[in-house]
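Quick caveat, the model's predicted, so the values are computed rather than measured. The sequence lines fix the lettering, A, B, ..., with proteins before strands; numbering per chain opens at 1.
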Amino acid sequence: MRINYQKIMSIDRRIIYLIVALAIAIPTLHPLNLPVFITPDVRGVFEQIEALPPGSPVLVTVDYEPSTTPEMDPMAKAIIMHCLLRDLKLVSISYLIYGGGIAEKLFKDIQELYKFQSGRELVYGKDYAYLGYKPGEYAMIIGLGQDLKATTKLDHYGNSVYELDILKDLNKLENFKYMVCLHDDSYIDYWIIYGYERTGIRIGSACTAVMAPGMYPFLQAGQITGVVGGLKGGSEYEKLVNEKYNLKKPLNQARAGMDAQSVIHMVIILFMLLGNFAFIMKSRQEKN
Amino acid sequence: MSVCQEIVRDAYTNAGRPEEYDSTDVFFIAGEQFSYTAAVDGLMMREKPAANFFLGTFAAESLLLAEAGAMTGAIQIAGTDSTYQIPFFVVACDYCLIGEELYAASAYLSHEPRLMGTLRTADTVKIIIAILLFLSVTMVTINQWTNIEILNIIKHIFTVL
Amino acid sequence: MEFWKRRVPLIIVFCAGMTMIITYYIPQQWATDVLTGYSKWFQVIQGFALLLGVVSLTQVHSTKILKQRPGWAYSLVMMISFLTMMISGFVWGIKEGKAFMWIFNNVTTPLASTVFSMLAFYIASAAYRAFRARSLEASIMLISAIIVMIGRVAFGEMLSQLLPDSLSFLKLDEITQWLLRSPVGAAKRAIVIGMALSGVTISLRIILGLERTYMGSD
């Protein structure tokens with residue numbers, strides 16, 4: 001029986017899309033509970049935060065767009081919860097205009113999670129502060145390095161930064177003991193160039209999976225301490241936080257998505273192997 | 001958008017067909033990434049262009065655009081400075097300008113002396129950087145085994161710089 | 001007229017470009033203030049440029065609707081959505097709890113996420129279509145892609161657990177890490193250095209007035 005390998009090589013796209021949809025939907029509806037293994041890159045961020053004494057100021061920048069919230073929100077919640085459970089002074093800012101809406105929703109969710117875990121509510125201005133979107137891009141970062149309060153002036157809610165307790169001893173970027181950049185594009189480049197290189201602030205990267213390979217040159221050069229990349233990085237960070245702090249309601253958003261991601265990776269590999277098998281067999285048929 | 005309109009108008013003029021230029025052919029679609037992507041995908045599906053040129057800065061929309069274009073059967077040429085999107089364009093497009101090839105393309109096509117000069121300058125500086133990198137790697141490697149004082153001083157100078 | 005159309009823009013570009021370069025290297029507050037001021041002006045100009053875009057958008061789509069050209073229904077939907085967001089933003093503001101933010105959180109964000117998630121389908125079809133071992137380079141790319149895709153998920157790590165320590169160099173997750181750090185990192189550095197140099201040369205050409213395509217011809 002002569003197999004038509006050309007037909008296999010040019011399968012209708014809709015069949016591929018249907019298989020992909022099933023490969024994502026089935027593990028989402030029936031979780032596989034696949035294990036999560038921690039990588040040194042994610043530990044690089046976790047251990048930096050873990051090593052900070054309580055009360056240390058930490059800067060978290062919310063620099064991702066609404067389209068990447070499914071991938072970024074789980075790791076953002078895990079990192080911010082870690083900072084708060086460690087009793088660090090959390091200050092947040094956005095370099096990107098979309099950051100305002102995203103950060104508001106993020107902190108609203110964090111409030112509920114934290115209250116459930118610790119039994120008390122977070123006090124704005126004492127436990128955390130969100131300075132909002134600040135225009136100026138790299139000029140803003142340079143300004144933070146010289147005079148944080150003069151550069152920011154008001155927080156996201158219109159309060160004067162001079163009146164916020166949490167910012168009492170924080171005058172420059174270098175006063176922060178650590179910063180985590182939540183980004184879905186190359187915004188971290190500016191934080192490294194104008195933040196790390198000028199002030200020496202230590203930076204951790206939390207980014208989408210597509211951006212993660214691009215962070216390795218910075219990681220190897222010591223310009224960042226670690227990379228939390230994509231849903232996989234988010235699931236690793238969630239596991240670290242859950243195990244360390246014995247959360248009553250464990251963080252599970254990224255881990256839940258990893259089942260589907262694991263299955264779809266294998267499905268795509270099978271597609272690639274099938275396509276190549278058909279290609280090789282067709283070439284042989286033509287030779288014969 | 002005005003700059004794009006000027007460039008396209010000049011291109012028509014230089015090609016000897018200024019009367020064929022229509023300013024409504026160059027228009028603004030959307031400032032948001034995926035609104036732009038959805039609109040361009042729809043345009044490609046409806047207009048079915050023979051060739052697509054994706055040149056410039058792209059983010060996650062790169063594969064969406066390239067794959068939608070591939071569905072229409074158009075020949076696709078891409079060039080981007082976004083290193084994260086190069087793999088997607090390499091896979092989905094017929095030809096891909098990688099990194100600075102995007103900037104060199106204009107010099108390559110026109111052979112204009114000013115553009116060639118820019119290319120020559122960039123290449124010269126690249127060679128200098130490559131030589132410096134090679135020398136510094138060699139020095140640091142030798143210093144690792146021998147701990148020669150002069151190499152320590154040179155390493156310190158570069159660290160300070 | 002030639003002075004205003006050709007010379008003045010060149011002078012503005014030269015002064016602005018040189019100021020940005022010089023103030024970057026001066027670690028003083030006044031230099032930062034100049035840079036910050038420039039960035040804010042840039043955003044104001046960006047806003048006005050966006051206005052030009054909005055005018056163009058309105059022109060194109062309203063012409064399509066009025067003349068009922070093919071696809072005019074999509075243009076009508078676009079114009080209704082655009083006007084709804086604009087009016088709700090101007091009339092009720094953009095704070096949390098207002099109509100604008102409700103539409104942003106419940107319509108714009110899910111729509112953007114949905115379009116982004118289409119990438120999963122497109123990656124599968126692109127991988128099936130394009131990852132063919134036609135040459136040595138294509139084969140290397142194919143094998144690397146398979147290794148990284150398995151190594152980055154639980155299955156790769158589970159397979160690695162089965163290997164003894166003496167064969168740790170065969171562990172997929174470690175090979176993945178090596179691939180991402182060494183060859184990929186090296187290639188990225190090379191591309192970034194090349195692009196940065198080209199970017200610098202082109203920027204200098206624009207600042208010095210050698211590159212004038214943005215002004216159009218006479």
Side-chain angles (χ1 to χ4, degrees), chain B residues 1-3 5-7 9-10 13-14 23-24 26-35 37-39 41-43 46 60-64 66-68 70-71 81-84 86-88 90-93 98-104 114-115 117-119 121-123 125-126 129-130 133, chain C residues 46 49-61 63-64 70-71 74 78 81-82 108 111-116 118-119 121-127 129-131 141 145 184 187-202 204-205 210-211 213-218:
Chain B
M1 189 196 73
S2 323
V3 171
Q5 283 179 333
E6 286 294 319
I7 291 170
R9 187 174 65 90
D10 282 350
T13 309
N14 292 340
S23 63
T24 56
V26 181
F27 55 93
F28 177 75
I29 285 184
E32 205 272 325
Q33 187 182 16
F34 291 109
S35 315
T37 309
D41 281 356
L43 263 173
R46 287 189 295 273
E61 71 270 17
S62 56
L63 188 65
L64 290 166
E67 206 37 34
M71 276 193 236
D81 60 344
S82 318
T83 49
Y84 306 100
I86 291 170
F88 298 114
V90 164
V91 162
C93 294
I98 297 174
E100 80 236 75
E101 287 173 357
L102 174 64
Y103 301 110
R114 262 190 267 176
L115 296 173
T118 311
L119 203 58
T121 315
D123 285 346
V125 177
K126 241 185 291 173
I129 289 174
L133 274 171
Chain C
Q46 233 182 356
L50 195 64
L51 196 64
L52 272 175
V54 166
V55 166
S56 158
L57 193 76
T58 315
Q59 203 180 3
V60 165
H61 287 281
T63 311
K64 214 170 169 183
Y74 299 117
M78 200 292 298
S81 316
F82 167 65
T108 312
L111 278 173
S113 303
T114 307
V115 175
F116 188 39
M118 276 163 54
L119 269 176
F121 300 94
Y122 282 9
I123 278 176
S125 68
R129 186 170 51 84
F131 273 101
M141 193 165 83
V184 171
K188 183 172 159 49
R189 282 189 187 93
I191 293 172
V192 166
I193 289 173
M195 274 176 356
L197 281 171
S198 299
V200 165
T201 49
I202 287 184
L204 271 174
R205 281 183 43 214
L210 298 168
E211 178 70 48
T213 45
Y214 60 90
M215 286 198 293
S217 58
D218 293 326

> Relative to chain C, which segment of E61(B) carries a heavy atom at a distance below 4.5 Å: side chain, backbone, both, or neither?
Replying inline: neither
>> So for A49(C), is it side chain, backbone, both, or neither that comes closer than 4.5 Å to the heavy atoms of chain B?
In response: neither
> Who wins among I193(C), T108(C), L197(C), V60(C) for the most heavy-atom pairs under 4.5 Å with chain B?
Replying inline: L197(C)
> Given that the side chain runs from C-beta out, which part of I29(B) has a heavy atom under 4.5 Å from chain C: side chain, backbone, both or neither?
Replying inline: backbone
> Based on non-hydrogen pairs under 4.5 Å, which of D41(B), N14(B), L115(B), V26(B) is most in contact with chain C?
Replying inline: L115(B)
>> Under 4.5 Å from any heavy atom of chain B, what part of M78(C) do you find: side chain, backbone, both or neither?
In response: neither
>> If we ignore hydrogens and angles and just use 3.5 Å, is the side chain of R46(B) paired with the main-chain N or O of G71(C) as donor and acceptor?
In response: no
> At a heavy-atom separation under 4.5 Å, does F82(C) approach chain B through its side chain, its backbone, both, or neither?
Replying inline: neither
>> With heavy-atom distances below 4.5 Å as the criterion, would you say the side chains of Y122(C) and M71(B) are in contact?
In response: yes
> So which part of L57(C) gets closer than 4.5 Å to some heavy atom of chain B, the side chain, the backbone, both or neither?
Replying inline: both
>> To the closest 0.5 Å, what do you measure between CZ (F121(C)) and CG (L63(B))?
In response: 13.0 Å
>> Distance check, rounded to the nearest 0.5 Å: S62(B) atom OG versus L119(C) atom CG?
In response: 7.5 Å
> Is it the side chain or the backbone of I98(B) that comes within 4.5 Å of chain C heavy atoms, both, or neither?
Replying inline: side chain
> Does the S56(C) side chain pair with the main chain of L52(C), one donor and one acceptor, at a distance under 3.5 Å?
Replying inline: no
> Considering only heavy atoms, which portion of I123(C) lies under 4.5 Å from any heavy atom of chain B: side chain, backbone, both, or neither?
Replying inline: both
> By a 4.5 Å heavy-atom criterion (distance strictly below it), what part of A39(B) contacts chain C: side chain, backbone, both, or neither?
Replying inline: neither
